[in-house]
Amino acid sequence: MNFNLSKEPIVIQDVIDKVIKRNAGAVTTFIGTVREMTKGKKTLFLVYEAYEPMAIKKLEQIGAEIKERWPDAETAITHRVGKLDITDVAVVIAVSTPHRNDAYEANRYAIERIKEIVPIWKKEHWEDGETWVGNQLETVPYPTGKPKEGDIRD
Amino acid sequence: MNFNLSKEPIVIQDVIDKVIKRNAGAVTTFIGTVREMTKGKKTLFLVYEAYEPMAIKKLEQIGAEIKERWPDAETAITHRVGKLDITDVAVVIAVSTPHRNDAYEANRYAIERIKEIVPIWKKEHWEDGETWVGNQLETVPYPTGKPKEGDIRD
Amino acid sequence: MIKVLLFAQLRDELGKETISIEANGWSVAELKGKMKAEYQLGGLETVMTAVNEEFADDDTILSDGDTVAFIPPVSGG
Amino acid sequence: MIKVLLFAQLRDELGKETISIEANGWSVAELKGKMKAEYQLGGLETVMTAVNEEFADDDTILSDGDTVAFIPPVSGG
């Protein structure tokens with residue numbers, strides 16, 4: 001089970017352990033945590049919601065895409081769902097490869113793809129309201145379901 | 001103490017905890033592990049030796065260099081010394097930043113700089129002998145102290 | 001019957017997570033039109049659609065028993 | 001006296017970790033020449049040198065009490 005969702009806090013070491021191999025000299029992890037301030041606005045907490053069976057399938061697909069591009073890579077991804085407080089871990093991506101450049105590149109590929117194709121949504125709760133954050137690039141709160149044009153990648 | 005050497009196994013979570021901040025949305029880690037096969041040769045174990053006070057100073061310098069290039073970044077690095085077996089963790093680099101691109105780039109910067117300026121040496125023990133691995137790019141075993149020309153970056 | 005799943009702002013807007021619709025033989029585009037006309041669901045031109053947990057385009061033809069999910073722009077990670 | 005530290009293959013070659021040398025007022029280059037002539041230490045042209053835990057070049061002048069370390073190409077990480 002290298003790709004899954006978790007209602008409980010993610011244990012980072014458990015995700016790393018899934019990719020440690022005798023011939024993997026390099027492991028990278030990406031850990032997404034809940035940030036307090038976004039563009040001057042203070043977040044109190046977040047809620048992540050997922051279309052769970054499809055989200056797992058899409059995480060598995062990302063693992064398969066990485067395997068195709070970096071055949072020696074091993075990938076594990078766990079994404080949290082439910083309510084998260086500031087500094088809580090939302091996602092952990094671990095990638096092992098024999099050489100370090102691949103481990104960075106494959107890891108970065110994974111996070112970009114998560115933000116494109118995995119059906120998980122974040123609702124930000126602020127002091128003065130709440131909004132589903134609606135474009136996958138995390139740059140624009142998106143209460144109407146209609147992204148503005150010209151959003152750029154974070 | 002964000003920059004240190006450890007004679008005991010490194011606890012990855014402890015290194016990560018040093019860089020978690022309320023406004024750091026992204027944490028990357030690089031975990032270097034002992035790989036069994038290098039260019040067809042089987043490693044039994046490694047010994048890392050350091051010029052300890054200077055190694056710590058140079059790790060701190062890397063942290064300062066990162067701070068200059070990425071002012072919002074927080075960095076922690078622990079490098080193991082002593083005997084390590086296959087899959088043991090040799091180094092953990094954790095970097096947190098508000099945005100993920102910086103976390104990848106600053107982390108990669110750290111590992112490249114470690115391989116350039118931190119006085120730590122690796123002795124590979126194989127079935128048929130042992131050698132100090134002598135160039136910082138890990139591509140050439142280097143028993144005489146004299147790197148060949150034309151070594152390329154891993 | 002087709003089962004329709006709604007998430008995030010779409011679910012908040014409609015006030016329910018799933019609805020069932022007679023839509024055998026319809027295209028995804030036709031289903032979207034129905035959702036807009038009958039439920040006043042906005043922004044459907046910018047959501048992705050999944051049929052049986054795989055992304056599908058507006059031309060995809062639906063069959064009884066299919067599960068359709070409207071996927072607003074995702075924000076995981 | 002100057003304290004000289006040796007690491008990795010240099011230490012293996014010399015058979016000891018530290019030596020003390022009268023070298024007040026010498027340059028690093030002169031100290032390297034002495035190490036080569038007296039101890040047959042090879043490869044010093046490719047090692048880096050640290051004086052009091054900071055990298056130094058061949059022109060650096062040494063003073064009594066300094067600690068010089070010869071730093072073979074590093075292989076941490």
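All of these numbers come straight from a predicted model, not from anything done at the bench. Chain identifiers are assigned alphabetically (A, B, ...) following the order of the sequence lines, protein sequences preceding nucleic acid strands; residue numbering begins at 1 within each chain.
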Between the side chains of [Y] and [X], is the shortest nitrogen-to-carboxylate-oxygen separation below 4.0 Å, so that they form an ion pair?
{"X": "A:R108", "Y": "B:E105", "result": "yes"}
{"X": "A:E74", "Y": "A:K67", "result": "yes"}
{"X": "B:R113", "Y": "B:E116", "result": "yes"}

Flag, side chain of A:D72 to backbone of A:T97, donor-acceptor distance under 3.5 Å
no

Option in B:I111, B:V91, B:T87, B:N107 with maximal non-hydrogen atom pairs under 4.5 Å from chain A
B:N107

For chain A, which of B:T28, B:V34, B:T33 has the most heavy-atom pairs under 4.5 Å?
B:T33

Under 6.0 Å from the NZ atom of A:K42, do we count more than 12 heavy atoms belonging to anything else shown?
no

Contacting region of A:A103 [heavy-atom separation from chain B under 4.5 Å]:
neither

Using the six-membered ring wherever Trp is involved, compare the ring planes of A:Y104 and B:F30 and label them parallel, tilted or perpendicular (cut-offs 30° and 60°).
parallel

Relative to each other, are the rings of A:F45 and A:H125 parallel, tilted or perpendicular (30° and 60° limits)?
parallel

Which members of residues 9-24 of chain B, sorted by number, sit under 4.5 angstrom from chain A on a heavy-atom basis?
B:I12, B:Q13, B:I16, B:I20, B:K21, B:R22, B:N23, B:A24

